[in-house]
Amino acid sequence: MSRMVTQIISTMETQVSNGPSGTSLPNGPVISTNGATDDSKTNLIVNYLPQNMTQEEFKSLFGSIGEIESCKLVRDKITGQSLGYGFVNYVDPNDADKAINTLNGLKLQTKTIKVSYARPSSASIRDANLYVSGLPKTMTQKDMEQLFSQYGRIITSRILVDQVTAGISRGVGFIRFDKRNEAEEAIKGLNGQKPLGAAEPITVKFANNPSQKTGQALLTQLYQTAARRYTGPLHHQTQRFSLIPPFGKGPDPNNSTKPILDNLLNASYGVKSSPSLLPRFSPITIDSMTSLAGVNLTGPTGAGWCIFVYNLSPEADESVLWQLFGPFGAVTNVKVIRDFTTNKCKGFGFVTMTNYDEAAMAIASLNGYRLGDRVLQVSFKTSKQHKA
DNA sequence: TCGGATT
């Protein structure tokens, strides 16, 4: 990769300013009487950035609004992976306001970015984000906020919803408090407790960093994107498995916009590779973010299409699922269900794929596929364990 | 023979 090595930024939600010039320019930073800069009207936090957006793309997008004093895409200290958020400090408060008005809610790939004023940097607001699971499906975001608000000021909250069933709660969500100690109190008070009228207790814990996809999921998506760019969809394995024609050829009555959106829906902004046998991955910089800005992605934006895989051997592991499903398209997650005590596979697992047609092709091809001495049963996951 | 979930 020839890309300039971007700095690895700590996981702290802090903005390190390049510092004021020391003189007060007409549109320059506001200097308070004690000499500290007041960034409250110029400094923005940007959330839900696409996983592979680069510092350069980030700066390019927000620089299109006005002069930037400093900006940072926040990355994992160890892996260098984007944590999906960043800070932009404008010179002119009017530009900060303009950025919120024009860029908040912008859809980029599968994300809808959030642009808002950043809170002043402080140690006490770090690690104040909670992950909540086991929520009753009927509980709304407002209900959840009400439950948690007794412990402090809530900055953000969210309940994750199922993409296919049009917004049914997945029973998990997030609550970010203003202060870490408020979050700690909420864990003490609510973890393992049953909300009023709920049948099951909820789990409340500190959240992981955003978008911590497995490295393998990222690699798989990169591979898919790169390979398809030059050879079209991988169908060598499809042909081995079935007589179904390769997908991606000819009109697709179910999704006529797919070719246009293909690059955006997949993991990369763009991957160029030499047309050799082994793909090389060298990200390219797109010239203008405006090409992305005009596109509104439609359809599922959530987890993807969940596939149930039955009749795996007790020894099966995640890698077999990656190998089986990866050739059909973008796989975002695989899971082998294991017995808690023996740690052996219970005979089934799940695979999540981004695109419906690829998931359908994988199912059509892999259902009935013989893996060792077993015949797999593969289908879309049902919502409940009842049979048809 | 259909989990656990990480914006």
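Within every chain, numbering begins at 1; the chains are lettered A, B, ... in the order of the sequence lines, protein sequences first and strands thereafter.
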Margin query: Distance check, rounded to the nearest 0.5 Å: A:Tyr151 atom OH versus A:Glu182 atom CD?
Written below: 12.5 Å

Check: A:Lys137 has a side chain; which of B:dT6, B:dA5, B:dG3 sits nearest to it?
Finding: B:dA5

Checklist line | A:Met144 CE - B:dT6 C1' separation (whole Å) | finding: 13 Å

Check: Once you round it to whole Å, what is the distance between C1' of B:dG3 and CD of A:Glu318?
Finding: 12 Å

Next item on the list: Take the protein atom NZ of A:Lys344 and the nucleotide atom P of B:dT1, then report the distance between them rounded to whole Å.
Entry: 19 Å

Next item on the list: Measure from the side-chain N and O atoms of A:Asp39 to the backbone N and O of A:Thr42, and report whether any donor-acceptor pair falls under 3.5 Å.
Entry: no

Next item on the list: Supply the atom-to-atom distance A:Ser157 OG to A:Glu145 CD, rounded to the nearest 0.5 angstrom.
Entry: 3.5 Å

Notebook entry, point to check: Which nucleotide, B:dG3, B:dT7, B:dT6, lies nearest any side-chain atom of A:Tyr131?
Noted result: B:dT6

Notebook entry, point to check: Please give, in whole Å, the distance from B:dT7 C1' to A:Tyr85 OH?
Noted result: 13 Å

Notebook entry, point to check: If you check every side-chain atom of A:Thr156, which of B:dA5, B:dT7, B:dG3 has the closest atom?
Noted result: B:dT7

Checklist line | Nearest-Å distance for atom pair CD/P, residues A:Gln141 and B:dT7 | finding: 16 Å

Note to self: Measuring from the side chain of A:Arg170 (C-beta onward, heavy atoms only), which nucleotide among B:dT7, B:dG3, B:dA5 has the closest atom?
What the structure shows: B:dA5

Next item on the list: Sort and list the pairs that fulfil salt bridge (Lys or Arg N to Asp or Glu O under 4.0 Å) and have at least one residue in residues 306-332 of chain A, not counting sequence neighbours.
Entry: A:Glu315-A:Lys344, A:Glu318-A:Arg338

Next item on the list: Would you mind reading off the distance between A:Gln377 atom CD and B:dT1 atom P, rounded to a whole angstrom?
Entry: 11 Å

Next item on the list: Return the value, rounded to whole Å, for the distance between atom CG of A:Leu160 and atom P of B:dG4.
Entry: 17 Å

Note to self: Please classify the nucleic acid contact of A:Phe174 as base, sugar-phosphate, or nothing, using heavy-atom distances under 4.0 Å.
What the structure shows: base

Check: Of all the nucleotides listed (B:dA5, B:dT6, B:dC2), which has the minimum atom distance to the side chain of A:Val172?
Finding: B:dA5

Notebook entry, point to check: Taking atom C1' of B:dT7 as reference, at what distance in whole Å does atom OH of A:Tyr48 sit?
Noted result: 5 Å

Checklist line | Residue pairs fulfilling salt bridge (Lys or Arg N to Asp or Glu O under 4.0 Å) with at least one residue in residues 148-158 of chain A, sequence neighbours excluded | finding: A:Arg153-A:Asp178

Check: Under 4.0 Å between a side-chain N/O of A:Arg158 and OP1 or OP2 of B:dT6, yes or no?
Finding: no

